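This is a predicted model, so every value here is computed, not measured. What's counted below: heavy atoms across the whole structure, side chains too, no hydrogens, waters or symmetry copies. Proteins come first, then strands; the chains are lettered A, B, ... in the order of their sequence lines, and each starts at number 1.
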2 protein chains.
Amino acid sequence: MAGQRPVATLATVAEAAGVSRQTVSNALNSPELLRPDTLARVQEAIETLGYRPNRAARNLRTRASHLVGLRVEPALEGTASGLMDRFLHSLVETCRTADLHVLLFTAEDVNDPLDGYDGLLQSAAVDAFVVTDTYRGNPAASWLDQHQVPFVAFGRPWGEPTATHPWVDVDGHAGVAAAVDHLVDRGHRRIAWVGWQDTSFIGEDRRGGWLARMTERGLPTEGWELRGEDTVDYGRRAAHDLLDRAEAPTALLCVSDTVAMGALHALAERGIHPGPGGVGVVGFDDSLAAQLVTPGLTSLRQPLEQIGVEVVRLLKDRLELRTSDEPHVILSPELVVRGTT
Amino acid sequence: MAGQRPVATLATVAEAAGVSRQTVSNALNSPELLRPDTLARVQEAIETLGYRPNRAARNLRTRASHLVGLRVEPALEGTASGLMDRFLHSLVETCRTADLHVLLFTAEDVNDPLDGYDGLLQSAAVDAFVVTDTYRGNPAASWLDQHQVPFVAFGRPWGEPTATHPWVDVDGHAGVAAAVDHLVDRGHRRIAWVGWQDTSFIGEDRRGGWLARMTERGLPTEGWELRGEDTVDYGRRAAHDLLDRAEAPTALLCVSDTVAMGALHALAERGIHPGPGGVGVVGFDDSLAAQLVTPGLTSLRQPLEQIGVEVVRLLKDRLELRTSDEPHVILSPELVVRGTT
DNA sequence: GTGAAAGCGCTAACAA
DNA sequence: TTGTTAGCGCTTTCAC
C-alpha cells in the first residue's frame, strides 16, 4: 500500500537494484532478456519500493494510452432498459484483464452523434472506442469506420453492407423464436406480436423470429400483430386493442420489456390474470422491471456479460493488428421464465 | 473533423503560424501573454490544423492526468436500484465542463474494498477518485482519507467522526418526513414503516424521518414498524404481516423501492388495490421499477443529477487546493407522487 | 511579447 | 546480458 513515501521511478528502482534504468524497464517489458538472478534482484526492488510505471510517461513513449472511450448518453427514463449497468461492469472487468481501462465521455451537443470522438482521438487520450448506441442506428460507427479508428460496436451495422468494423450483437430472431416455442409448449396457439415500427432494424429482427417460427409451427400470424413505439403506454393500448377482439390472443409476445410492462398494465385494468390460466406475456431484455414486477415477467435476457467479453476480445485483436477475418459475434439471448407464462 | 492527416503537434502549429513552439503553448495556457494579432494567427493555425495538445505529454509534464477514478461494482440484480446510470451520466457530463474525465475500474478481488485504488495512484493514472459504494459502509473512503488522496464520496461517513474528506449525501430523514406529510394529507393515520435492519445507517436515517414526523403529527409509531433486508421477498412478507393484524395500517412507507415492490406483490396477492381507496405505498429511490409498475409507485427521487454536479464541484475545489471549510452537501430527495398514493 | 533550453519518466535502438 | 543515447510532446524557467 502506498503511503506518503515519494513515488518510485525507474531511476529509484535501478539504483536500489544496482542496475541501469533500462534493465529495470526490461525486467518489466521483456523479462526473458534478463539473467534470472538480475531479474530477481530487480523484481525485489520493485516490490519493496512499490514501483508502478508512470502511465503518462509510458503513454507518451509508446504512443498508446491503453484507454478505451465510451460515450454515455442520458439515461432513458420511463423505459425498462437500464441495461447499461450490467454491460458496463462486464466491459470494465474484461478490460482489466486485457490491461485496458474504460474512459467515459459525453457529448457537448447531445444531438450530434459524432461529438466527442474526434477530440479524444486528436489528443491521443484513447486508443479505441466502444460504441453501444446502436438502437437508434449509429452514425458514429460509420464515421469511425471510415476514418479507420479502432473500435468495436455492440450492435450490427444494420443496412450498411460496406461496414468493415468488428461488432458483437444479440440474435433477436433466435431469441423470439425460442419464446414462440416456449409459448406453444405451454399450449398457446394464438400468439400476438406487439412490436415496434418497421423502421427499427432490431424490431424487425425480433419480429422475424416470431413470424418464422409461428409459420413453421403452422400457426397464424396474419392480423396478429401491432406496431408502435417503445413506451409503456403503447404496450398498454396495444394489449387492450388485441384483447378487445372477438378472437383474442392467449399470449402477447412483446418486442421489449417496456412494451410488455404496458401489456401487464392492460391486463390488470381488465382484471385478467397474467400467466397460466390467463394471458401469457413475454418481454425482451430481462430488465430489472421484469424481475421485480408482480408475477415476474418472462423475458429474453441480453447476454451482456458475454457481450462485454467478446467486445474486448475483438478490441484487443484490432489494437494488436491481429486480423480476424470474420470479426463478428452473434450471441443468443436466454429465455428467463417467470410468472407471466 | 480529423482525417487521415497526420496529427498536429505544437511544432506543426508553430511552423504554420510562424512562431516558436512556446508561443503556441502560451496561446493555449496563457493567452493574455500574447499580442492580440499573434494570438489570432496562432489560433487560426490551431483551428485549421485541428490541433489538440497530446494528453500524455501534457500529463507527463504537469503531473496531472485530469482523470477521476470510479470503481464499479457488479450490478445488483433483483433490487430496484439501477441508479448508477443516472449518476454516472451526471458525473461524466459535469466532469466534461470541468476538463475532467471519468476512468472506470474494477477490483481484481471483489471482496477487497481497497483493491485497485493504490495501483492507479502509484502509476499516476488518475488524479482523484469518486467513491459511491457507501450503502454498505466504505473502507475505501477512510483509507483514501488517511492517505490524503483527493476524493469525494457520495454518501456520508456514517459513524466516522474523524473523517475529513468532502462528501455529498441525500437527506433520507427529510425525504421520508415529507412522505409522511403527504400520506397524512391524503388522510392516512396508520402509517407503518417497512425498514431495514438497524445496522444500516442509511436505513436509520430514513426511519428517523418517519419516527420524528409521525410523532410531531401525534400519530402512533409503537409497534408500527418492521425491519429486514433489501429484498422484494422481505417487503412482501412484511406487508402480509402488517395487513394480517387486527388493526392494519392504511399506508406502508418503505425504506426502498425494492421493499415497496414486495409490498405491492403482497397487496396483489390479497386482492387489495394499491393507492386511494386501498392501501397507500411509498418507496425510496424512484427507480425504473417505480416508474413502470402497474399503478405507478410513489417514491422519493434521488437527486442524482445534482449530486453529480456537487461531487465534481467539491472535487475541483480539492484538486485546486481550494479549501471549503465545510465541504459537505446534503440534498433532499423529491417526492414523486404516482398511483400508489 | 517572444524564443531558447531543459527535462518530466519512460522505452526503442544501438553499443558494449 | 547490460548500459548508453536519444527523444516522445509538452510546459516551465529564464534570457532576450
[options]: which one has an atom nearest the side-chain heavy atoms of [X]?
X       : options               : value
A/Leu60 : D/dT2, C/dG9, C/dT2   : C/dG9
B/Gln22 : C/dG9, C/dT2, D/dT11  : D/dT11
A/Ser25 : C/dC10, C/dT11, C/dG9 : C/dT11
B/Arg61 : D/dT2, C/dC10, D/dG9  : D/dG9

Output the rounded distance in Å from [atom1] ([X]) to [atom2] ([N]).
X       : N      : atom1 : atom2 : answer
B/Arg41 : C/dT2  : CZ    : C1'   : 11 Å
B/Arg21 : C/dT2  : CZ    : C1'   : 14 Å
B/Asn29 : D/dG9  : CG    : P     : 17 Å
B/Arg55 : C/dG9  : CZ    : C1'   : 19 Å
B/Leu33 : D/dT11 : CG    : P     : 13 Å
A/Arg58 : D/dC10 : CZ    : C1'   : 20 Å
B/Glu15 : C/dG3  : CD    : C1'   : 16 Å
A/Leu10 : D/dG3  : CG    : C1'   : 14 Å

Counting just side-chain N and O atoms, does B/Ser20 come under 4.0 Å of either OP1 or OP2 of C/dT2?
no
Between B/Thr23 and C/dG1, is there a side-chain N or O to OP1/OP2 distance below 4.0 Å?
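For B/Thr23, the contact criterion (side-chain N or O under 4.0 Å from OP1 or OP2 of C/dG1) is not met.
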Specify the residue among A/Leu28 and B/Val19 whose closest nucleotide of DNA chain C lies further upstream toward the 5′ end.
B/Val19
With nearest nucleotides of DNA chain C determined for B/Thr62 and B/Gly18 from heavy-atom distances, which residue corresponds to the more 5′ nucleotide?
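With B/Thr62 and B/Gly18 compared, the 5'-side residue is B/Gly18.
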Any base atoms under 4.0 Å from B/Leu34, or only sugar-phosphate, or nothing? Heavy atoms, all strands.
sugar-phosphate
Just call it for B/Arg63: base, sugar-phosphate, or nothing, with non-hydrogen atoms closer than 4.0 Å on any strand.
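The answer is sugar-phosphate, as B/Arg63 gets under 4.0 Å only of primed atoms, P, OP1 or OP2.
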Check whether the side chains of B/Asp127 and B/Ser65 place a donor and an acceptor atom closer than 3.5 Å, and report yes or no.
yes
Centroid-to-centroid, A/Phe151 to A/Tyr117, below 6.0 Å?
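Not close enough - the centres of the two rings lie 6.0 Å or further apart.
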If you define the side chain from C-beta out and look only at heavy atoms, does anything of [X] sit under 4.5 Å from [Y]?
X        : Y        : answer
A/Tyr51  : A/Thr12  : no
A/Val131 : A/Val152 : no
A/Pro53  : A/Leu28  : yes

